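Remarks on the structure that follows.
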Amino acid sequence: MDFLKTLSASQLIDLANDWRLWGRLDQLAPELSAKPWRTWLFMGGRGAGKTRAGAQWITGMVAGLAGYGPCETGRIALIGETFADVRDVMVGGDSGLLACAPSQDRPNWVASRRTLEWSNGATAMAFSSEDPEALRGPQFEIAWGDELGKWVRAAETFDMLQFALRLGSAPRQLITTTPRPVPTLKALLSAADTVTTRARTQDNAANLAPEFLAYVEERYGGSALGRQELAGELIEEVVGALWTRAMVAAAQGEAPTLGRIIVAVDPPAASHAKADECGIIVAGLADDGVAWVLDDLSVQGARPEQWAAIVADAACEYCADRVVAEANQGGDMVDAVLRSVEPNLPVKLVHATRGKHVRAEPVATLYARRKVRHARPMPTLEDQMCAFDGSRSGGSPDRLDALVWALTELVLQRVGAPKIRTL
């Protein structure tokens, strides 16, 4: 406090506007001395402070502040999904360039020219990803592209921007985005001249409503959508997979009162610590014929008596009508292990006579027809589902196997498996 009293009014203003003091480390541009970079890729969840980081980077470059490096030519490109996004978020938003600018040097937005102009002559031009051809002709030294994952013509717009970044001694660009598995973003991630920083929504909790954080964490936490939109993870789709992320997201809901309930088990072939997972899935059937996946209790490296105890406890907790266990590995041993833990366990042994992909296809069709729902996010199970394309490269999807057994018993057996009757 005594130190602040020694500062002049202009020094206090400079201190208040010094983003290096107030921003989080992930919101500060990477040091060029550590690794020369052309692209700073900032991937983060919703509300993680990406826009503020972009606006502060442009502001610091225009002002030539220490640690930013000067923008020698003052020529800047701003690219958003649409012109409205550039105007309303990147320029005029709560964390945009106008809001972040020092009061003594606030730039002027000229709507007729779609430019943002500073008193020192620096000019930022606005562009829409809908019109990549507009980037032909102009040239720039620095660029800020926001929400690349949503760009309408991402590849074309990004390519045209690279040809336009040709001024100054070291043209650079910042891309701020919530990650989506678009090819342009994936290529940027692997580029040698890209430096990537990441942030979660929770990292910016001090600037977000507590009620918002509590709600989105409860509703989306752990789900694929939550991992993308809150944790800022890049969730990729696998070409040829039986399930998509959209299918899994559409299956989320709150389970009603259920009738029949099944605990399905896909036992591991071995019992050592590095053995395959023991897939354990709990599912039930509602009166309207929709199956609900209630829990994923799968466990890695458990001894037979350990996974059998989990199965028995689940059957008791959920009042299961039946335990369905694959018996291809162990046969009678599987039944014996389960009954050693709970003698009255209603066990039904099933044998796989067809490949995993063939058995899983009708179950995936149930999801496509909205005949299966998930009572809560089950990230590891859902990752296995969305990665399963029938190849051997994905290993043994034991959680998925247990899911297939559970839903086959609950739904497909009722309609004469393996066919699914069209209603």
Side-chain angles (χ1 to χ4, degrees), residues 19-20 23-45 48-62 64-65 67-81 85-86 89-90 97 122 124-129 132 134-136 138-199 228 232-234 236:
W19 180 239
R20 294 169 302 168
R24 303 190 313 270
L25 286 178
D26 56 75
Q27 292 178 301
L28 305 181
E31 293 287 343
L32 283 169
S33 58
K35 175 186 175 182
W37 52 268
R38 176 181 174 84
T39 304
W40 172 23
L41 175 59
F42 186 175
M43 298 201 308
K50 303 184 297 297
T51 303
R52 182 68 185 270
Q56 292 289 174
W57 183 66
I58 294 292
T59 299
M61 292 287 286
V62 168
L65 299 179
Y68 289 87
C71 178
E72 301 165 6
T73 64
R75 302 293 296 277
I76 304 159
L78 304 175
I79 307 96
E81 181 185 4
D85 290 313
V86 178
V89 178
M90 300 173 72
L97 285 157
M125 297 179 64
F127 296 90
S128 166
S129 70
L135 283 160
R136 289 184 181 273
Q139 53 185 355
F140 307 98
E141 181 181 351
I142 62 174
W144 171 24
D146 191 42
E147 294 298 353
L148 172 64
K150 292 173 57 187
W151 285 8
V152 179
R153 299 171 66 181
E156 297 164 271
T157 302
F158 186 81
D159 287 343
M160 289 300 100
L161 175 61
Q162 304 319 296
F163 289 116
L165 277 175
R166 56 181 184 259
L167 295 181
S169 57
R172 282 179 282 165
Q173 59 191 339
L174 166 61
I175 303 296
T176 52
T177 189
T178 299
R180 290 185 177 182
V182 297
T184 303
L185 181 56
K186 291 194 287 185
L188 261 184
L189 274 169
S190 60
D193 57 358
T194 296
V195 174
T196 304
T197 57
R198 304 170 188 269
Q228 173 178 284
E233 293 184 34
L234 182 65
E236 296 197 53

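On a predicted model such as this, the values are computed, not experimentally measured, just so you know. We're numbering straight along the sequence, starting at 1.
With sequence neighbours excluded, the residues that form a ring pair (Phe, Tyr, Trp, His ring centres under 6.0 Å) with F127 are F140. In this view, R172 and L32, W37, W57, M61 satisfy the side chain to side chain contact (heavy atoms under 4.5 Å, CB included) rule, not counting sequence neighbours. With sequence neighbours left out, T59 forms a side chain to side chain donor-acceptor pair (under 3.5 Å) with no residue at all. The salt bridge (charged side-chain N to carboxylate O under 4.0 Å, His left out) check on R166 picks up nothing, with sequence neighbours excluded. Scored by the side chain to side chain donor-acceptor pair (under 3.5 Å) test, R75 finds no partners at all (sequence neighbours excluded). The side chain to side chain contact (heavy atoms under 4.5 Å, CB included) test applied to E72 returns E141, S169, not counting sequence neighbours. With sequence neighbours excluded, the residues forming a side chain to side chain contact (heavy atoms under 4.5 Å, CB included) with A191 are D193, T194, listed by chain and number. Applying the ring pair (Phe, Tyr, Trp, His ring centres under 6.0 Å) rule to F42 yields no partners; only residues at least two apart in sequence or on another chain are considered. Residues satisfying the salt bridge (charged side-chain N to carboxylate O under 4.0 Å, His left out) criterion with E156, sequence neighbours excluded, are R153. Residues meeting the salt bridge (charged side-chain N to carboxylate O under 4.0 Å, His left out) test with D26, sequence neighbours left out: R24. Every residue was checked against the side chain to side chain donor-acceptor pair (under 3.5 Å) condition with S129, not counting sequence neighbours, and none meets it.
Contact of the I76 side chain with the W144 side chain is not registered, since no non-hydrogen atoms from C-beta on lie closer than 4.5 Å. Residues T73 and Q139 fail the side-chain proximity criterion, which asks for heavy atoms closer than 4.5 Å. Side-chain contact between T157 and L135: present, with at least one pair of heavy atoms (C-beta onward) separated by less than 4.5 Å.
A distance of 8.0 Å separates OG1 of T197 from CG of L174, quoted to the nearest 0.5 Å. Residue L41 holds its CG atom at 9.5 Å from CD of Q173, rounded to the nearest 0.5 Å. Here OG1 of T176 is found 6.0 Å from CE of M90. Values are rounded to the nearest 0.5 Å. The CG atom of D85 lies 12.5 Å from the CD1 atom of I79; values are rounded to the nearest 0.5 Å.
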Result block: side-chain N/O donor-acceptor pairs under 3.5 angstrom for residues 177-187, not counting sequence neighbours:
unit_1, atom_1, unit_2, atom_2, d
T177, OG1, E147, OE1, 3.4
T177, OG1, L148, N, 3.3
T177, OG1, G149, N, 3.1
T178, OG1, G44, O, 3.2
T178, OG1, K50, NZ, 3.4
K186, NZ, E236, OE1, 3.1

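In terms of modelled atom types and a separation under 3.5 Å, the side chain of S128 and the main chain of G80 share no donor-acceptor contact.
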